[in-house]
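The structure appears right after this line, and notes come after that.
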Amino acid sequence: MDIEADYANAQGRTRLFDEPALFERYVELIRRAGVKVTGFLVTSFLARYGEGIRKLEREIPIEFALHSHHHNTATSGERGEIELAQKTFRDFFGKEAIGYRAPIGAISREGLGNLMDLGFRYDASVFPSIRPGKNGYWNTHMPIEPFRVTRGRDSILEFPFPALSIIRLNFGLPWIKLYGPGLSTALMRIFPPPSVIALTTHAHDLYAPHLSDGVTALEKRALLRNSERGFDILETMIGRFRAAGYEFAWMSDICDHTDSLPDLPSMPLDEWRYFLFKDFPWRQPSNTASKNTPNSPSTSA
Ligand SMILES: [Zn+2]
């Protein structure tokens, strides 16, 4: 789960941590489902919600990783930003994070190089698919399975966002909510996802976020579709994955497992190419691209 402000919440608030009923419902679901959670934390979130994070830590099996400090796609790969996130994490948890996730998957080659320099074990940023719009990307050349990115003797594991085989449809909870659980289950059978996936949710996928201005009608529809059923759909899909033979583990366990795979694909860092629409040369740089995004795009990071 990405732990950040709810989508398009100008006050930077997250209902999951503001409303005890939602928090309890989440805790109960995770316990009942018997799964482990990795929380990708926007570390600036700790200033307001540090107590909530401590409580979550006591209530469910969770480990934490980084989701930048400012949740700004323009800076999320910069060394200073990653170091600030790691320092804030270390001050709070008394240890360092081993994993990183950039907002909307915006990890550049330089960003990955910085993660390697700083000793990160994994990155979980890449969307190996297509998404139109302002926060869009086109990365069908990227593997959908986990892979190793290498630079000389250094390397880092990359865990792409979940995508279905062949058709490369995004398959995290935001998208599953859009398709609905029935169609999602059918799609999963016909186009099985990879054997190792980081099943992705945000807090705001579980309920209807309080939307501020500046959300387009289409985004609003996507966000609010099945929003009353977010908890149920998550639990249903955990069951579907389990029925398909998946087990649930922390990302650190997944790293151990992936490291032990004999035929793990790899890619030299020099060949890393990641395309965001906002970076395309025919796009005017807009204010929104460089502004802090207090939260992630609805149906992505
Ligand atoms: Zn995010």
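Atoms within each ligand, like the ligands themselves, are counted from 1 in listed order. Both backbone and side-chain heavy atoms feed into the values below; hydrogens, waters and symmetry mates do not. Along the sequence shown, residues are numbered consecutively beginning with 1.
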*Which N/O/S atom belongs to Glu4 and is the closest one to the Zn ion (ligand 1)?*
OE1
*asked:* Could you check whether Phe64 and Phe89 have their ring centres less than 6.0 Å apart?
replied: no
*Check: Phe17 ring centroid to Phe45 ring centroid under 6.0 Å*: yes
_Using the ring centroid of each side chain, check whether Phe231 and Tyr26 are separated by less than 6.0 Å._
no
*With a 4.5 Å limit on heavy-atom distance, are the side chains of Leu173 and Thr200 in contact?*
no
*Looking only at N, O or S atoms, find the one in His71 nearest to the Zn ion (ligand 1) and name it.*
NE2
*Is the distance from the Zn ion (ligand 1) to the nearest N/O/S atom of Asp2 under 2.8 Å?*
no
*asked:* the Zn ion (ligand 1) and His67: any N/O/S contact shorter than 2.8 Å?
replied: yes
